[in-house]
There are 2 protein chains.
Amino acid sequence: MESHLTIDEVAKRTGLTAYTLRYYERIGLIAPISRAPGGQRRYAVSDMAWIEFLLRLRTTNMPIGKMQTFAKLRGAGDSTVPDRRQMLEEHLTEVLSEIEAMRRSADALQAKIEYYRSFEQSLASGSHSDEGHADEHRKPLRTRTGQTAGDRR
Amino acid sequence: MESHLTIDEVAKRTGLTAYTLRYYERIGLIAPISRAPGGQRRYAVSDMAWIEFLLRLRTTNMPIGKMQTFAKLRGAGDSTVPDRRQMLEEHLTEVLSEIEAMRRSADALQAKIEYYRSFEQSLASGSHSDEGHADEHRKPLRTRTGQTAGDRR
DNA sequence: GCTTGACTTAGAGCGCACTCTAACTTCTAG
DNA sequence: CTAGAAGTTAGAGTGCGCTCTAAGTCAAGC
C-alpha cells in the first residue's frame, strides 16, 4: 500500500493533466497531498480513489462549487455523512433527468438521421415523397412572408 | 400559419433568453429572421422548429462551432443532406457514449448513497461494520506520511 | 402628445473550468 | 559533476457560451 505515485503518473491514470490536479488541490477539491523530501507530491492509493470519485461527479456535470462544498463536508468528518448523502441524492435526481433529456434528444436525432436516409434514397431513386421533417423546409413549407428582411437601421 | 411571434414570445416558448436568440442569429446558428415594418423580429413557425432542433443539439452537448457548421450546410440546400446525416451520426455516437458514461457514474453515486445510508444506520444502532467504501477513509486508512507539507519556496 | 415598455444594435463583460507562463528547484542517468 | 527531465509556485491567459450595457428606436395606452 501507499504506492506513492508522482503527479505525472496520476495524470496518466486519471486522464486529468498535472495542471488540473494541482488546480484541484489549490481550490480544495483535493486535500493537501503528502510530499517527498524534495517537496514533490506523492499520491497515495486513497487519494486516487477520491480523485476517481471527483471524476464521477464531473462526468455527471456537478459544478466545481458544489464539489468544493462536498469536499469540505468530507474533510469535516463522519458527522457530515447525512449532509453528504443529501447532496448526492439531490445531485443524482438532477443527473437522472439530464440523462433522460439526453436520451429523448438522442431519439429525435436518430429520427432525423433516418429521415435524411430516406431523403437520400428518394433522391437516388428519382422518386419524391413530399414528406417533410419538422425543421426541414421541404417544398410547400417556408412561405417566408415577403419583407426580404429589410435590415437597414 | 405564419404566427409571427415576437422575440419575447419565442424566448418564453423555448426557454432561451432574447439575448441568446439574437446571439444565435448573430453567429449564424439561426438564419436572419424576418422583420416587422419597424425592424422588429417576427419568428415564423418554421423558425421555431429549427430552434427546437438546435436545442436538442445543445441538450446533447454539441459545441456551438459544430452547430454553426451544421447550420451552414443546411443553408446550402439539399445537396448537403449526406454531410448533415454524417455529422448527426457521428454526434449521436458520441452522445450515446456520454449517456452511458453518465449512467455508469450515476450507478456509482447510487451505491455511495446506499453506503452512506448503511453508515448512518450503524451509527444510529451503535453497531459498527468496519466496511469501507472506495474513497471513504475509514479507520486504519490514510496514514498521511508525516512531512507536514513543508511548503517553503 | 406623452409615457412606458418592448425592441434594436455594437460591443463589452462575465463565470466557469481549466491551461499555461515564468522563474525556479529537484531528481535521474550518464 | 552535469545535463536534461520533471517537479514546484504565483499568477496570468484562454475558450466557451452566453449575458449585459449603452444608446437609441418603435409600439401601445391614456
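Order of the sequence lines fixes the chain letters, A, B, ..., with proteins taken first and strands second; residue numbering starts at 1 for each chain.
Under 4.0 angstrom from either OP1 or OP2 of D:dT8 there lies at least one side-chain N or O belonging to A:Arg41. Put simply, A:Thr6 has no side-chain N or O that comes within less than 4.0 Å of OP1 or OP2 on D:dA6. For the pair B:Arg58 and D:dC18, the criterion of a side-chain N or O lying under 4.0 Å from OP1 or OP2 is met. A close approach under 4.0 Å does not occur between any side-chain nitrogen or oxygen of A:Arg42 and OP1 or OP2 of C:dC27. Residue A:Tyr24 places at least one side-chain N or O under 4.0 Å from the OP1 or OP2 atom of C:dC18.
Between the side chain of B:Glu25 and the backbone N or O of B:Ile33, at least one donor-acceptor pair lies under 3.5 Å. Using a distance-only test at 3.5 Å, with no hydrogens or angles considered, a donor-acceptor pair links the side chain of A:Trp50 to the main chain of A:Leu29. B:Thr20 contributes no side-chain N or O that, together with a main-chain N or O of B:Leu16, makes up a donor-acceptor pair within less than 3.5 Å. Checking side-chain atoms of A:Glu136 against main-chain N and O of A:His133 turns up no donor-acceptor pair under 3.5 Å. Side-chain atoms of B:Gln68 come within 3.5 Å of backbone atoms of B:Ile27 as a donor-acceptor pair (strictly under, hydrogens ignored).
Projected onto DNA chain C by closest heavy-atom contact, A:Thr20 and A:Gly38 fall at different nucleotides, the more 5' of which corresponds to A:Thr20. Nearest-nucleotide assignment on DNA chain C puts the 5′-proximal partner with B:Ala18, out of B:Ala18 and A:Met62.
Here the side chain of B:Ile7 is nearest to one of C:dT8, D:dT19, C:dT19, namely C:dT8.
Between B:Leu21 atom CG and D:dC18 atom P the separation is 11 Å, expressed in whole Å. Per the geometry, CD belonging to B:Gln40 stands 6 Å off P belonging to C:dT8, to the nearest Å. Distance, B:Asn61 CG to C:dC16 P: 18 Å, rounded to whole Å. Atom OH in B:Tyr19 sits roughly 19 Å away from atom C1' in D:dC16 (whole-Å rounding). One can place CD of B:Glu25 at 19 Å from P of D:dG17, the figure rounded to the nearest angstrom. In this structure, A:Glu9 atom CD and D:dA6 atom P are separated by 11 Å, rounded to whole Å. Atoms CZ (A:Arg22) and P (C:dC18) sit 15 Å apart, rounded to a whole Å. In this structure, the CG atom of B:Leu29 is 11 Å from the C1' atom of D:dG17, given to the nearest Å.
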